[in-house]
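One structure below.
To find a chain, count down the sequence lines: A is the first, B the second, and so on, and within it residues start at 1.
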Amino acid sequence: MKQAYFPQEIEKKWQKHWEETGAFTTSDESEKPKYFALSMFPYPSGKLHMGHVRNYTITDVIARFKKAQGYNVLHPIGWDSFGLPAENAAMQHGANPAKWTDENIAYMTKQLKMLGLSYDWNREVTTCKEEYYKWTQWLFLQLYKKGLAYKKEAAVNWCDKCATVLANEQVIDGKCWRCDSIVEKKYLSQWFLKITDYAEVLLEDLDKLPGWGDNVKTMQANWIGKSEGAIFRFEVIDAPNGEKIEVPVYTTRPDTVHGITYLVVAPEYKDIEKLTTAENKDAVEAYRANARKMTEIERLSTDRVKTGVPLGTHCRNPFNGEIFPLWTADYALAEYGTGAVMAVPTHDSRDFDFAKKYNMPMKIVIATDEILERMNKGENVVLEKVSEEGGVLVNSGEFNGMDNEKAKKAITQKAVDEGFGEFKTQYRLRDWLVSRQRYWGAPIPVVYCEKCGIQPVPEDQLPVKLPTDVDFSVVGKSPILTSPTFQDTVCPVCGGPAKRETDTMDTFVCSSWYYLRYSDARNSEKCFDRDKVNKWLPVDQYVGGIEHAILHLLYSRFFTKALRDLGLLDFDEPFKNLLTQGMVLKDGSKMSKSKGNTVDPDEIFQNYGADTARLFILSDSPPARDFDWSDAGVEGCYKFLNRVWRLMSTNADKIDIHNSTPQVGSLTKANDDLVRVVHMAIKSITNDISNDFQFNTVISKYRELTNSIYDWAAKAQWNEEDKVVFSFAIKSLLKLMSPVAVHLTEEAWSQLGGEGSIHEQSWCEWDENLAKMSSITLVVQVNGKVKDKIEADESSSEEELKELALSSEKIKTAIDGKTIVKTIVVPKKLVNIVAK
RNA sequence: GCCCUGGUGGCGGAAUCGGUAGACGCGUUGGACUUAAAAUCCAAUUGGGGCUAUACCUCAGUGCCAGUUCAAGUCUGGCCCAGGGCACCA
């Protein structure tokens, strides 16, 4: 065996070998149970970063471990390759987005292969290729036919810098998720997918996902934002021109309805003009104009002082006959609920602030114990601050004395019975805006005919190809509009002249179904074969960044449910288990080009090899936590791999992996101990990978095992028995390390004369009887404090352990002069003597 | 404000069921080998106090305060802090 460890040489050799032999292609036909391991596919931005390295290494180790355990593993990769950066690069450098993307994919593919990842490249998917986006378009048409894709005019989020609209999920703190520009509201006609139809089931089915972290599930639940309440309709008694008009409000506190002292509608409320008297018209108009000018950020800032103006009209509260005024104020949001709010200043902090400022009356209707006591003493209670807690109803007519939770139901029921209200469940989730005014995306496959209106492109005409005769130097509009050939077409219904839709789809549409395509990636007849998709899916383990907790993961769940309802699939959740890996940090902050604290994977491959990179990226933190990159840590891992290599290469003449089964029972103590250490390592490494993928402890156990073998070897006599035991230890270490140090173990396996590939060998088995030491260390405590440790026989009875403990000199001193009150014996572990 | 996650040495982090706190590594210190360096190997490394200075003893210690228990990093109650998410959502 070669003496020195040359990772670069070894890695290149085996990568070539695996590629030539198709070592990682997956067959659809297999007797073995299936396992689908998936990383979130990358955007081909140019080069891999350490976040990719961490993500793909984790999934690769899982895939290899499951394969060794006897699963038929699907481990594919692809490219989320539509999107703005390609288009921006094209605009800046006059290049073609397709070319830019292809070059990036080529480079990153090379890097992925250098990392030694076990992908089945035959199943690679690339979302910007016609063979893929044809099916994105086809799926869009299926959704359209089902009424799940529709076009409507709406106030939408507009990013001026990206010159396109954005989905709600892509607006972070009022800014564009890509470029951080402030997002404006525009009133435009756009394409939406009806994700709101699935709000309830998307929320409910989170309970079906025990393999997802609570953080992701609560983020999705918050985003869906379910609340239960009531709609009440209030009749306006003095509308201009004597018009009969009602204002509906949504509230989660129907129990406070007797405390209404005014009502607020959003400045954009649709009927606001009908609710405004002639005298108040100018002031209301001015207020509304001002609200329109404000940015979303200013508007939503919660510490802004609330403002508003009266409309001049009034409503009667049907519960108690009280008359209250209507106002408009921008703390009411047009898009949520009905756009109008019943204001109960005593029991809602926002209403309280507003009422304070404008001297609105306040009326207590829910009394806490403290308030009730003061009221019963005859005090006229005036609240200094808002009271949002529960209590009993007061000043509420027939409901007085009722618990407020019960009153919610009773009061709503009364409104239902009398015809001015109903129970209502409200969600914060909005429909998904999917059209983009950009070039580099899948064209939305519809045409507009003057006579026949919106018409879907017939399926046999798919794909609607992206035009190539476009000018990328245009600013402020989609390059697609510069194509002289794209727009003009004929109506599929009447054959008359028609215009093509020029918007393309949000890239998140492409990525909402890519994992399905892996089951049947080369199918040119269908987006996927039904049997194949049902065989491979759902994904058994999905691994990726937390930044997709809402966006991609929610959209994909929606797609899966919609496609199930379309009869294309038999399952309704795409990802059975989800691992959200932490970020890769350097010096405590996220790696970024602007901070200049990035580490280039290529450099690590060159200087230390991929095995070191893989080992290190898994070593220091559990996968879900942030990982702090350190050069010293890389160095340490490289040294460790050298240490493993040295252990084998300097003792290669003593290793015979074909004669590596020790005769347990007749071994010397030292040999028996080493065999036991190996069994313990197999057991705990297997468990650590199986439970939550604790790779950091797995790697520390590689080190412990290696240290134990070194210690043993220093004392070995190298007789026949020693050689067999040593061969067993080395063979086990190699296999245990093979999912991580993929090249080193393969090379060692080959040099030691192993058959085939080490990656084809089954996982190590352990014997429960050998996965523990032959003797135990008995811990002896006095009053709960450790006083002595004694070697004891594993089979000792409780009585024997007690005697052993009491025979210890240290224990005798410790309990000297005291009386033993009680003795607790934990079998095989501990004796605690309670003495006074 | 609401929700989630976390808080353990100089650092990253270990610790199935409540049962030896600090595995493993990084860093640091000392030593061996060497002309020297690199590489490698060995030893020490939570803090305070004591002693015959030892491979001994003792006290304290897992964010804080209580509690349960023979025994608490782990369980219960109440707080504090950090990171992340949501947020004038009625």
Side-chain angles (χ1 to χ4, degrees), chain A residues 4 172-173 213-223 225-227 229 249-253 256 264 266 299-304 306 329-333 335-344 347-351 353-354 388 426-429 546-547 549-550 582-583 585 588 616 619-622 624-637 639-640 642-643 646 684 687-688 691 694 696-707 710 714 777-789 810 813 821-826 828-835:
Chain A
I172 314 291
D173 293 332
D214 283 342
N215 52 343
V216 177
K217 285 194 279 189
T218 41
M219 276 162 78
Q220 291 209 356
N222 288 344
W223 189 261
K226 180 180 182 174
S227 72
V249 300
Y250 172 72
T251 181
T252 54
R253 294 296 304 272
T256 64
V264 174
R299 180 74 194 268
L300 294 178
S301 160
T302 46
D303 40 47
R304 197 161 59 87
K306 291 179 177 46
D330 60 12
Y331 80 89
L333 304 175
E335 317 91 77
Y336 187 76
T338 63
V341 188
M342 62 179 227
V344 183
H347 306 301
D348 181 283
S349 60
R350 294 150 303 185
D351 299 341
D353 293 347
F354 191 81
E388 289 178 313
Q426 186 74 38
Y427 301 90
R428 211 155 50 212
L429 184 70
I546 186 80
E547 67 274 16
I550 294 172
M583 285 188 299
L585 312 176
F616 176 56
S619 67
D620 269 5
S621 301
R625 253 192 261 177
D626 286 350
F627 177 90
D628 210 338
W629 184 274
S630 81
D631 297 336
V634 181
E635 197 71 41
C637 285
K639 285 182 185 171
F640 171 64
N642 271 285
R643 190 167 146 81
R646 216 165 36 241
S684 65
N687 287 339
D688 283 359
N691 310 329
Q694 294 177 54
N696 54 327
T697 57
V698 167
I699 285 159
S700 71
K701 282 159 192 169
Y702 292 163
R703 292 176 186 270
E704 283 181 70
L705 179 57
T706 305
N707 291 344
Y710 260 106
T777 305
L778 182 73
V779 174
V780 187
Q781 299 178 330
V782 173
N783 294 334
K785 299 207 165 163
V786 180
K787 293 289 171 186
D788 200 7
K789 295 169 195 178
K810 286 179 186 170
T813 3
V821 182
K822 199 173 174 184
T823 308
I824 286 118
V825 181
V826 182
K828 297 178 189 179
K829 218 168 216 169
L830 172 140
V831 174
N832 186 15
I833 298 160
V834 186

key: Least distance between heavy atoms, Tyr427(A) atom then Tyr336(A) atom   = O-CE1, 4.0 Å

ask   = Expressed as a whole number of Å, how far does the P atom of rA15(B) sit from that of rG25(B)?
value = 16 Å

request  = Could you work out the separation of rC33(B) and rG13(B) based on their P atoms and round it to a whole Å?
outcome  = 39 Å

ask   = For nucleotides 4-10 of chain B, read 5' to 3', which letter fits each nucleotide if B means a protein heavy atom sits under 4.0 Å from the base, S means only the sugar-phosphate is that close, and - means neither?
value = SS-----

query = Expressed in whole Å, how much space separates the P atoms belonging to rU29(B) and rG47(B)?
reply = 16 Å

query = Which whole-number value in Å describes the distance from Asn783(A) CG to rG19(B) C1'?
reply = 15 Å

ask   = Any donor and acceptor pair, going by atom type alone, linking the side chain of Tyr710(A) with main-chain N or O of Arg643(A) inside 3.5 Å?
value = yes

key: Base-contact (B) and sugar-phosphate-only (S) positions in nucleotides 23-29 of chain B, heavy-atom cut-off under 4.0 Å, - elsewhere   = BSSSS--

ask   = Rounded to the Å, how far apart are Ile833(A) CD1 and rC70(B) C1'?
value = 11 Å

query = Taking the P atom of each, how far is rG12(B) from rC2(B), in whole Å?
reply = 30 Å

request  = With P as the reference atom in both, quote the distance from rA87(B) to rC65(B) in angstrom, rounded to an integer.
outcome  = 38 Å

key: Interatomic distance where CD belongs to Gln781(A) and P belongs to rG18(B) [whole Å]   = 16 Å

For atom CE of Met342(A) and atom P of rA90(B), their distance in whole Å = 12 Å

Where Asp351(A) and Ala343(A) come nearest, the two heavy atoms and their spacing = OD2-CA, 3.3 Å

ask   = Is any side-chain N or O of Lys822(A) closer than 4.0 Å to OP1 or OP2 of rC70(B)?
value = yes

ask   = Side chains of Val834(A) and Asn783(A): closer than 4.5 Å at any heavy-atom pair?
value = yes

Just the atom pairs and distances: protein N or O near nucleotides 81-86 of chain B's N or O, under 3.5 Å.
unit_1, atom_1, unit_2, atom_2, d
rC86(B), O2', Arg428(A), NH2, 3.3

key: Val831(A) and Leu778(A), any side-chain heavy atoms less than 4.5 Å apart   = yes

Check against side chain to side chain contact (heavy atoms under 4.5 Å, CB included), Ser619(A) and Phe640(A) = CA-CA 12 Å; Ser619(A) 67; Phe640(A) 171 64; over 6 Å; no

request  = For rG27(B) versus rG10(B), give the span between their C1' atoms, rounded off to a whole number of Å.
outcome  = 8 Å

query = rA14(B) C1' sits how many Å from Asp688(A) CG, rounded?
reply = 10 Å

task = Pick base, sugar-phosphate or nothing for Gln426(A), based on heavy-atom distances below 4.0 Å to the nucleic acid.
result = nothing

message = What does the B/S/- profile of nucleotides 47-63 of chain B look like, 5' to 3', with a 4.0 Å heavy-atom cutoff to protein?
response = ----------SS-S---

ask   = Are Val341(A) and Val249(A) close enough that some pair of their side-chain heavy atoms sits under 4.5 Å apart?
value = no

message = Measuring only the P atom in each nucleotide, how far is rG73(B) from rU20(B)? A whole number of Å is fine.
response = 10 Å

ask   = Judged by atom type as modelled, is there a donor-acceptor pair below 3.5 Å linking the side chain of Glu388(A) to the main-chain atoms of Ser349(A)?
value = yes

message = Taking rG9(B) as the reference, what is the distance to rC57(B) when you measure between their P atoms (whole Å, please)?
response = 26 Å

request  = Starting at atom OH of Tyr331(A), determine the distance to atom P of rG1(B), rounded to an integer number of angstrom.
outcome  = 20 Å

query = Who are the side chain to side chain contact (heavy atoms under 4.5 Å, CB included) partners of Asn687(A), not counting sequence neighbours?
reply = Lys683(A), Asn691(A), Trp766(A)

inquiry  = On RNA chain B, does the nearest nucleotide to Lys829(A) precede the nearest nucleotide to Asn691(A) from the 5' side, or the other way round? Give the residue.
reply    = Asn691(A)

inquiry  = Could you check whether any side-chain N or O of Gln694(A) sits under 3.5 Å from a backbone N or O of Pro622(A), counting only pairs where one atom can act as donor and the other as acceptor?
reply    = no

Conformer about C1'-N of rC59(B) - syn within 90° of 0, anti elsewhere = anti

ask   = NA contact type, Val786(A), heavy-atom cut-off 4.0 Å: base, sugar-phosphate, or nothing?
value = sugar-phosphate

Enclosure of Lys828(A) NZ (heavy-atom neighbours >12, cutoff 6.0 Å) = no

inquiry  = Is any side-chain heavy atom of Thr256(A) closer than 4.5 Å to one of Met342(A)?
reply    = yes

ask   = Phe354(A) and Ala329(A): which non-hydrogen atoms are nearest, and at how many Å?
value = CE1-CB, 3.8 Å

inquiry  = Parallel, tilted or perpendicular, judged at 30° and 60°: which one describes the rings of Phe627(A) and Phe616(A)?
reply    = perpendicular

message = Using a heavy-atom cut-off of 4.0 Å across all strands, would you classify Val834(A) as base, sugar-phosphate, or nothing?
response = sugar-phosphate

message = Could you check whether Lys701(A) pairs with Asp688(A) (Lys NZ or Arg NE/NH1/NH2 to Asp/Glu carboxylate O, under 4.0 Å)?
response = yes

ask   = What integer distance in Å separates Phe640(A):CZ from rG12(B):P?
value = 22 Å

inquiry  = Measure CD/Glu388(A) against C1'/rC88(B) and give the value in whole Å, please.
reply    = 12 Å

key: Whether Asn832(A) side chain and Ile824(A) backbone form a donor-acceptor pair below 3.5 Å   = no

5' priority, RNA chain B, between Val341(A) and Asn687(A) [closest heavy atom] = Asn687(A)

request  = Report yes if a side-chain nitrogen or oxygen of Gln694(A) is closer than 4.0 Å to either non-bridging phosphate oxygen (OP1 or OP2) of rA15(B); otherwise report no.
outcome  = yes

query = Do any side-chain nitrogens or oxygens of Arg646(A) fall under 4.0 Å of OP1 or OP2 in rA39(B)?
reply = no

query = Would a 4.5 Å heavy-atom cut-off, applied to side chains only, mark Trp629(A) and Val634(A) as touching?
reply = yes

ask   = With pairs taken as Watson-Crick or G-U wobble and both distances under 3.5 angstrom, which stems of at least three consecutive pairs involve RNA chain B?
value = B:1-7 with B:80-86, B:10-12 with B:24-26, B:27-32 with B:40-45, B:46-50 with B:56-60, B:63-67 with B:75-79

query = Any idea if rG13(B) is syn or anti, going by the 90°-from-0 cut?
reply = anti

query = Under 3.5 Å, side chain of Asp626(A) to main-chain N/O of Met583(A), donor-acceptor pair present?
reply = yes

Heavy-atom pair of closest approach, residues Lys810(A) and Lys787(A) = CD-O, 3.6 Å

query = At under 4.0 Å between heavy atoms, what does Ser349(A) touch on the DNA or RNA strands: base, sugar-phosphate, or nothing?
reply = nothing

